[in-house]
Amino acid sequence: MSRYTAAEIEANWQKAWDEAEIFRATHSADKPKYYVLEMFPYPSGRIHMGHVRNYTMGDVIARHKLATGHNVLHPMGWDAFGMPAENAAMAIGGHPKEWTYNNIADMRGQMKPLGLSIDWSREFATCDPEYYGQQQALFLDMLKAGLVYRKNAVVNWDPIDMTVLANEQVIDGKGWRSGADVERRELTQWFFAISDMAEELLSALDGLENWPAKVRLMQENWIGKSRGLQFAFGLIDGPDGQDRIEVYTTRPDTLMGASFIGISPDHPLAKQLESDNPELAAFCAEVRKGGTTEEALEKAEKRGFDTGLRVRHPFDTSWELPVYVANFVLMEYGTGAIFGCPAHDQRDLEFSRKYDLPVVSTYVPFEAEYHAPEDGGDAYVPPKTERVLYTRGFAGEEVQTGLEAIDAAVDFCEGQGVGQGVTKYRLRDWGLSRQRYWGCPIPVVHCDTCGVVPEAKENLPIRLPDDVTFDIPGNPLDRHPTWRQTTCPRCGADALRETDTMDTFVDSSWYYARFTAPHATTPTDMAEAEYWMNVDQYIGGIEHAILHLLYSRFFARAMQITGHLPKKAIEPFNALFTQGMVTHEIYQTIGDNGRPVYHLPEDVTDGRLADGTEVQIIPSAKMSKSKKNVVDPAQIISAYGADTARWFVLSDSPPERDVEWTASGAEAASKHLARVYRIVSDIVASDDADAPDADEALLRDMHKAIQAVSAGVEAFGFNAAIARLYAFTATLAKSTAGTAAKRQAATALAQLMSPMTPHLAEELWSMLGHSGLIATAPWPQADPAMLIDAAITLPVQVNGKRRAEIQVPQDMPKDQIEKMAIEAVQRALDGATPKKVIVVPGRIVNIVV
RNA sequence: GCGGGCGUGAUGGAAUGGUAGACAUACCAGACUUAAAAUCUGUUGGGCGUAUGCCCGUGUGGGUUCGAAUCCCACCGCCCGCACCA
């Protein structure tokens, strides 16, 4: 009997698949298409277990679809532009291009042994001029369509990476990559007009039924739609030309409780006043400088600067309110000015107490023991759905919910000519300019006479120059001796190229479309896009729930507007699945300096290092180099084979949750695969043709397994599918059936395992004497008749507690089941007469006494 | 603060409102072996009992239901997203 040797088997079958070109995606009229895509990797140089899990899931889907008669597109590429390449060039010398392409070659080399069913003929990297040239063409079309524009803007400047960041890339006031405190600078930048599509991007979320609700909700919150009233307070004796302050509020029902106006330090009025008020200027400067981190904001006192100006309340001209420049008012949201209502907003209340401003409730709750904010209590902010008593509403005293009162207030104010109801979105335009080298050059030219001129399409791609240096910070394109010099595409005069490159999120916002025609001489080929789009199943990490997925949704729309995608691709990803991380325990000892020292899993055996030192085990966390809790897929593959790694990352945990990598788990997976191999070898070697073939139980279990595993694979229930395969394997191992039945069951087992462990499955298929490849063999079908057992076991409950079991024929009439059930639980009934008998067919009997 | 999710054995987890703990890990026991490894078999939620069995049990407390891990309400704990957003 031969032994299971993963290395040999896996190499052989990978070669066979390559030679047969079974994963090459082609059109076919008689098969439905299926496009499965995993979020493409950044070429850091090494694949990690997270990649293995992600791509294995996609591969299971792809292989299952292939076997169920679909025309599958399953491509792979590289998200290859970005800062790490430049950082590497700065740190260790060399060139980002070289570094990137070497990494790609390395990672491809690590990925191929996984045996993924990828159409490698479609592979590309976003740093290929062939790709980014088309991205430039797309940019020019978007520019023409008004989807890109240039403006002067206060931007988030990352002082370490020396570049601008999008709002989405600022996390807690720090750069998402560098972690540096972000500064505010005013620069001329390119923007995608994504906010114009806010409503569309929001309302279309409803149609994404096969996206996780969590992701849809996160996007909804990010877009941040709010409905409110925008109106003006009349300014008394304002500076030159200023006679009003526009404010926006979502709570116009509290307008009669207003006690001050707060404006942002960046508000035009504040800036105007600043010029002849050094004290105010100092205050504003201090606020602008202030940290925007969570802790800083938490601790930051609500502070204001009384401008001395007063406004009139729109509904009572004798009512004057002071105008403060307040440190908590943001210029970026609404109008950059608010009215403060301390009775119904805790922040406004704190501010009012500090500056001794009046506190007036507009509504109160019904409870008697209510401690009003006027008397030192907290601000009263009930849910908008709660009914409260309005004491200072617009229609006199009445009981209303906040929602009703807000609507009524908007109507009333509009009727009185005080402002209008408006809808606002938190989503802001996407700034795409980056002052970096390793990115897609923005294809425009600055001409002294013509201004900013789009490059001519025939000049594309605008290639990055290779001869650049990284010895000093900043953008090497800026200081390149000749690259900038060009001629104006419009007037032919000498002109300068734009040296900003595009945010790398642009690259990943349309790659899924490029995969449908990776070598087209336009961004996409409409016929191919029409055939392959949309992505039927997209799989990736939850960390991309907002940025990448929102940008991609925007791009799909932009590409439709510019004629690069068909209408049906307006939402590019029909279904989205967000998989969990692969985690591992952390092994730590305390070093001489009292600091923790981390140890790699391969250096720890039974909780001890090689020298016998005991390590402290810290609970499982995301694999990270700094904590050394990393398992290298390449090592696992060489130790156990790819099938073991694939099997393990799919088992144990549901795919959307984190899975903990354990050595014992990997060992167990490996043993199981070897066991399956052995069982099938034995079946092939034996000849029990004379054994009673009547072991129907085996074939029944086979059909049930086909049913359960198929359902599991289709519904991302990989862990449950694998559990079922363990059980079916046990049935097969113990079966006393004849060879023919066993061979049939073994064949089904191989097929059901084939999406997860494709190499072993091919080997078993071949051992069992089947011709061709299991990868392309039709998926087994469950026979409905075999799923129903002739006799079934019914638990019998008395008052909801299980007291007995009865064996009944599948089709026994209800009244007979009742009779049998009552008989079976005579003792538990203890003479009592059943009041009611509930028979749930095929499930349970419950007797109520 | 706002929004969302989760809580089941020693562990990962399973369970269309219908036998809670499938499957796996770990542990324990047995078979094979001179021995070990490998392999195979069995046990394992808690408690009571010689036993047929009985009681308890899905974070806590209540509710709906013939029947609740699952649905509803409140609370506790953990996790995630957003956040001086007016």
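The figures that follow rest on heavy atoms only: side chains count, while hydrogens, waters and symmetry mates do not. To find a chain, count down the sequence lines: A is the first, B the second, and so on, and within it residues start at 1.
Note on A:E660: nothing from the nucleic acid sits closer than 4.0 angstrom, heavy atoms only. When heavy atoms are screened at a 4.0 angstrom cut-off, A:A668 is found touching the sugar-phosphate backbone but no base atom. Nucleic acid contact class of A:V840 (heavy atoms, under 4.0 Å, all strands): base. Here A:K671 lies in heavy-atom contact (under 4.0 Å) with sugar-phosphate atoms only. Looking at heavy-atom distances under 4.0 Å, A:L217 makes contact with sugar-phosphate atoms alone, never a base. The residue A:Y248 sits close to a base: some heavy atom pair falls under 4.0 Å. Among the heavy atoms of the strands lying under 4.0 Å from A:V329 is at least one base atom, whether or not backbone atoms are also near. Looking at heavy-atom distances under 4.0 Å, A:N719 makes contact with sugar-phosphate atoms alone, never a base. Heavy atoms of A:S653 sit under 4.0 angstrom from primed sugar atoms or phosphate atoms, though from no base atom. A:Q346 comes within contact range of no nucleotide atom at all, as no heavy-atom separation falls under 4.0 Å. As judged by a 4.0 angstrom heavy-atom cut-off over every strand, A:R216 is placed among residues making no nucleic acid contact. Within the nucleic acid shown, A:K801 comes within 4.0 Å of sugar-phosphate atoms alone, with no base atom in reach, counting heavy atoms only.
Figure legend. B:A20 is base-paired to no nucleotide; pairs are counted as Watson-Crick or G-U wobble with both atom distances under 3.5 Å. Applying the Watson-Crick and G-U wobble criteria (two distances, each under 3.5 Å), B:A29 pairs with B:U41. Across every strand in view, B:G77 sits in a pair with B:C6 that passes the Watson-Crick or G-U test at under 3.5 angstrom. The pairing partner recorded for B:G1 is B:C82, the criterion being a Watson-Crick or G-U wobble arrangement whose two distances lie under 3.5 angstrom.
Note: A:F260 and A:Y355 fail the aromatic proximity criterion, with ring centroids not under 6.0 Å apart. Ring-centre distance between A:Y640 and A:F648: not below the 6.0 Å cut-off. For A:H344 and A:Y363, the ring centers are positioned less than 6.0 Å apart.
Between the CD1 atom of A:I546 and the P atom of B:A83 there is a distance of 8 Å, rounded to whole Å. Between the CG atom of A:L547 and the C1' atom of B:G81 there is a distance of 12 Å, rounded to whole Å. Separating the OH atom of A:Y726 from the P atom of B:C23 is a distance of 12 Å, rounded to the nearest angstrom. Distance, A:D348 CG to B:G1 P: 17 Å, rounded to whole Å. One can place CD1 of A:I542 at 13 Å from C1' of B:C79, the figure rounded to the nearest angstrom. Per the geometry, CG belonging to A:N327 stands 8 Å off C1' belonging to B:C84, to the nearest Å. Here the P atom of nucleotide B:A83 and the CG atom of A:L427 are 12 Å apart, to the nearest Å. Rounded to an integer number of Å, the gap from A:K225 NZ to B:C2 P is 23 Å.
Distances shown here put a side-chain N or O of A:Y333 below 4.0 Å from the OP1 or OP2 atom of B:A86. Between A:R657 and B:A14 there is a side-chain N or O to OP1 or OP2 distance below 4.0 Å. Within the structure, every side-chain polar atom (N or O) of A:R802 is placed at least 4.0 Å from both OP1 and OP2 of B:A20. Not one side-chain nitrogen or oxygen of A:R675 sits closer than 4.0 Å to the OP1 or OP2 atom of B:A38.
Listed nucleotides: B:A20, B:C80, B:A14. Nearest to the side chain of A:Q797: B:A20. In this structure, of B:C85, B:C66, B:U41, it is B:U41 that holds the atom nearest to the side chain of A:K734. Across B:A86, B:U19, B:G13, the shortest atom-to-atom separation from the side chain of A:P795 is found for B:U19. Checking B:C84, B:A83, B:G81 against the side-chain heavy atoms of A:F328 singles out B:C84 as nearest. Of the listed nucleotides (B:C54, B:C85, B:C66), B:C66 has the atom at the smallest distance from the side chain of A:K836.
Using atom P as the reference point in both B:C78 and B:U65, the two lie 35 Å apart (nearest Å). Taking atom C1' on both B:G12 and B:G21, the two are 13 Å apart, rounded to the nearest angstrom.
Ring planes of A:F315 and A:H313: tilted class, angle from 30 to 60°.
A donor and an acceptor atom sit less than 3.5 Å apart, one in the side chain of A:R843 and one in the base of B:U16. At a cut-off of 3.5 angstrom, counting only N and O atoms as typed in the model, there is no donor on one side facing an acceptor on the other between the side-chain of A:N221 and the base of B:C82. Side-chain to base pairing of A:K302 with B:C84: one donor and one acceptor N or O lie within less than 3.5 Å of each other.
Taking for each of A:G800 and A:R724 the nucleotide of RNA chain B with the nearest heavy atom, the 5'-most of the two is the partner of A:R724.
A cation-pi arrangement is absent between A:K424 and A:Y333 under the rule of less than 6.0 angstrom and at most 45 degrees off the ring axis.
At least one donor-acceptor pair under 3.5 Å links the side chain of A:N629 to the backbone N or O of A:A621.
In textbook terms, a nucleotide whose glycosidic angle is within 90° of 0 is syn, and B:G9 is one such case.
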